[in-house]
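Throughout, numbering of the chain's residues begins at 1 and tracks the sequence.
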Amino acid sequence: MNAITRFLLVGALAVACAGNVSAAVPKGTDVSGLNVGKNTEKNYRHRVFHAYMPLEKVRELYKISNYSKFENPTGIYFRPGDKVKITLTGTPESPVCLRTRNFNVDNGQEKEYALKPGVNEITIANEGLGYIDYRSEKPAEAPTITVDIEGGAISGVFTRADSNETWKKMLAETPSPILDLMGERVQLAFDVARLREFCPDDGVELLRIYDRVIEAEHEIMGWDIFNCHPGNHVLGRSMQGGFMHADGLGAAFTVNALKGITQIDLLRDHGWGVAHEFGHVNQVRPALMWAGTTEVTNNIYSAWSQYILSPKKLRLEHEVIGGYGGIGAIMGGRMDQYINDALVDRQLWQYMKGPDNDGSKGTGDAFVTVCPLWQLQLYNSVARGDKKFYARIHQASRLKDYSKTPHGQLRVRFTVEACKSAKLNFREFFVKLGILAPMNRMVNDYSSHQVTITPAMCSVALKEMEKFPKPDSTVIYYINGNNVKIFKDKAAVVPSPSFTFNAQADKRYKVPYCTVPADQWKNAVAFEAYEGKKLVRISLRGLGQEDQASTMVFAPAGTTEVKAVQWDGKRYTIWSDKQS
């Protein structure tokens with residue numbers, strides 16, 4: 001892309017995103033009436049179609065991966081040898097084609113058939129669902145086209161306007177092994193047999209949840225806040241092999257994983273993987289996908305969508321998995337590992353070890369690495385109520401070309417953009433966690449990159465941060481899904497002088513701990529164990545307890561003092577060896 005083209009693209013996006021008020025997603029082809037009335041055959045075979053933005057334009061403007069290649073589903077299923085007559089009426093401003101795709105085989109079996117105004121007679125070469133591909137760089141201004149299709153069998157398209165009665169009828173009657181679902185933001189092509197097995201009754205809620213996941217990602221991306229949604233849909237499809245991944249088509253999920261992502265209760269509570277794969281599509285590159293973050297920055301989307309759908313079952317805070325110091329599987333082990341790696345062991349961010357990566361792979365544990373990025377969202381968007389925090393960072397990342405910016409500079413840039421967005425000086429947060437720190441190391445991701453951050457680069461960034469006031473809390477790094485309300489309410493710790501801190505040995509955890517009920521030292525966001533003046537262990541609120549009724553506070557051998565930490569950083573001694 002030459003300089004002039006890049007200038008025009010950036011200018012177009014700046015105009016598109018000039019608004020500062022949330023707006024509805026631009027409307028494409030209306031699918032709301034397809035399943036209305038008794039003559040649905042006619043509804044599907046005589047259709048008016050709108051244009052959608054070309055994939056390459058979406059990539060260039062928004063700096064993301066491909067959105068759906070299969071907009072405008074016809075709801076018609078074709079078999080090899082079918083004789084099809086398609087009449088196109090109107091004056092399209094760009095080429096139009098019928099695209100058929102067999103999603104039931106992993107190689108995709110796909111073919112395009114060019115359509116000209118008038119009658120088009122086609123012999124179908126491969127089995128699959130049909131889509132009318134019509135694109136325009138200005139879809140809202142492009143003329144609509146009318147398409148009449150004779151041939152093929154009605155398979156149906158389930159939409160946001162439909163009922164669960166329509167869902168059940170569609171699952172029972174569709175001749176296609178794959179069913180199209182069309183939401184406001186998401187498009188799904190899922191295996192019918194698995195839908196019949198795992199989601200036989202509630203297609204309404206299934207599509208609503210998927211749309212809400214993508215809406216949550218768009219909130220982070222700022223598409224709604226800055227009124228620049230292109231109107232395109234992101235595609236999720238089932239496949240026969242593999243497990244889950246993202247590619248040039250969108251997000252893909254093996255049929256063997258569909259139970260977890262189509263059974264409503266499982267999807268709502270454990271939809272991290274769904275948001276993760278869609279998140280890969282939505283990562284803004286390279287500004288927010290520098291070396292070592294391919295499997296990290298997409299998980300900001302996962303954490304946020306999970307918080308919205310199921311705030312009591314969060315992966316980082318509530319998954320039972322190994323924690324810090326070899327204590328074994330514990331609820332909240334990932335975040336426990338992170339905070340102790342960062343503040344006790346002083347490990348460099350992006351190299352912190354965790355349950356899924358001991359640091360020997362040339363980079364850190366991706367789930368541990370995402371924790372501080374998630375904390376920034378919790379502190380700014382939830383505790384402070386600033387819904388535009390990440391949206392502004394994404395907007396700034398779209399409006400400039402960072403394709404030649406070194407990875408170290410991208411990382412430093414992020415810290416500055418975070419401060420600019422919040423208009424706060426997060427110096428202590430970034431420095432203490434090792435995010436803004438000199439380094440010159442190779443980072444292994446899907447490819448290897450040298451990441452260099454010099455002391456001079458850090459100094460420049462810190463000077464930029466000094467333009468803003470400090471946040472009202474000095475312990476933002478202690479925020480999590482369990483204590484975010486305390487930060488929001490600025491609730492003071494209520495001392496419990498009669499509480500006895502009695503650490504007990506337990507072979508399951510290797511390290512002595514005391515269970516502190518939530519009504520004791522009420523509103524403590526974390527507990528710190530010290531040996532003399534040395535910090536030796538941190539236990540974030542809710543560690544080890546599913547119902548959040550207490551916190552497992554670890555105190556390694558040699559601990560001389562344990563403190564409760566208030567939301568603003570004030571400490572209270574709850575036990576000291578001098579009191580014994």
Side-chain angles (χ1 to χ4, degrees), residues 63-65 220-221 244-247 272-273 275-304 315-316 321 334-335 337-343 345-377 390 393-394 396-397 402-418 426 429-455 457-458 461 477:
K63 295 182 172 64
I64 58 176
S65 186
I220 296 284
M221 298 164 71
M244 296 183 184
H245 70 264
D247 56 21
W272 179 284
H276 174 97
E277 301 306 346
F278 284 123
H280 275 308
V281 179
N282 285 325
Q283 281 174 297
V284 172
R285 55 210 73 193
L288 297 176
M289 201 175 81
W290 62 88
T293 62
T294 304
E295 298 291 345
V296 174
T297 50
N298 60 324
N299 280 334
I300 303 171
Y301 301 130
S302 296
W304 182 234
R315 184 167 193 174
L316 298 177
I321 199 164
R334 292 189 187 279
M335 193 159 273
Q337 181 79 50
Y338 147 69
I339 198 62
N340 285 282
D341 277 355
L343 300 184
D345 289 351
R346 308 298 298 162
Q347 291 186 25
L348 187 67
W349 185 66
Q350 286 193 247
Y351 286 90
M352 296 174 181
K353 60 187 176 182
D356 294 296
N357 186 344
D358 63 4
S360 63
K361 301 176 182 178
T363 189
D365 187 300
F367 294 102
V368 171
T369 301
V370 78
C371 286
L373 307 184
W374 169 229
Q375 288 178 313
L376 287 171
Q377 172 70 356
Y390 266 119
I393 296 173
H394 278 74
S397 301
Y402 291 99
S403 60
K404 296 181 180 179
T405 304
H407 292 274
Q409 289 184 23
L410 292 175
R411 175 165 147 175
V412 172
R413 171 198 166 272
F414 169 79
T415 67
V416 174
E417 289 295 341
F426 291 126
F429 181 85
F430 288 125
V431 171
K432 269 202 167 185
L433 296 177
I435 297 174
L436 184 61
M439 64 176 289
N440 186 26
R441 298 178 65 173
M442 185 69 68
V443 175
N444 295 324
D445 205 342
Y446 287 92
S447 57
S448 296
H449 299 275
Q450 189 73 23
V451 177
T452 301
I453 300 175
T454 66
M457 291 164 62
C458 294
Y477 42 72

Looking only at heavy atoms, the pair that brings P372 and W349 closest together is CG-NE1, 3.3 Å
Aromatic centroids of W290 and F414 separated by under 6.0 Å: yes
Under a 3.5 Å threshold, yes or no: a donor from one side chain and an acceptor from the other, between Q350 and R411? yes
Heavy-atom distance under 4.5 Å between the side chains of I453 and C458, does that happen here? yes
With rounding to the nearest 0.5 angstrom, report the CZ to CZ distance, R315 to F367. 3.5 Å
Separation between NE2 of H407 and OG1 of T452, rounded to the nearest 0.5 Å: 10.5 Å
How long is the gap from OG1 on T369 to CG on L433, to the nearest 0.5 Å? 11.5 Å
Shortest non-hydrogen contact from H394 to V284? CD2-CG2, 3.5 Å
Would you compute the distance between atom OG of S448 and atom CE of M442 and round it to the nearest 0.5 angstrom? 6.0 Å
Is the backbone of T363 close enough, under 3.5 Å, to the side chain of N444 for a donor and an acceptor to pair up by distance? no
Please check: side-chain N/O of D365 versus main-chain N/O of V368, any donor-acceptor pairing under 3.5 Å? yes
Checking L436 against F426 for the side chain to side chain contact (heavy atoms under 4.5 Å, CB included) test, could you report, in this order, the C-alpha distance in whole Å, the side-chain angles of both residues, the deciding distance, and whether it holds? CA-CA 10 Å; L436 184 61; F426 291 126; over 6 Å; no
Residues E295 and Y446: side-chain donor-acceptor under 3.5 angstrom: yes
Between Y390 and L376, is the side chain to side chain contact (heavy atoms under 4.5 Å, CB included) condition met? List the steps. CA-CA 9 Å; Y390 266 119; L376 287 171; 4.0 Å; yes
CD/Q377 to CD1/I393 distance, rounded to the nearest 0.5 angstrom? 9.0 Å
When you compare the side chains of Y402 and R285, does any donor N or O come within less than 3.5 Å of an acceptor on the partner? no
What do the steps show when you test N299 against W272 for side chain to side chain donor-acceptor pair (under 3.5 Å), and what is the final call? CA-CA 8 Å; N299 280 334; W272 179 284; 3.2 Å; yes
Could you check whether D247 and H245, counting side-chain N and O atoms only, form a donor-acceptor pair closer than 3.5 Å? yes
dist Y338:OH -> D341:CG (nearest 0.5 Å) comes out at 10.0 Å
Between L373 and T297, does a side chain to side chain contact (heavy atoms under 4.5 Å, CB included) hold up when you go through it step by step? CA-CA 8 Å; L373 307 184; T297 50; 4.2 Å; yes
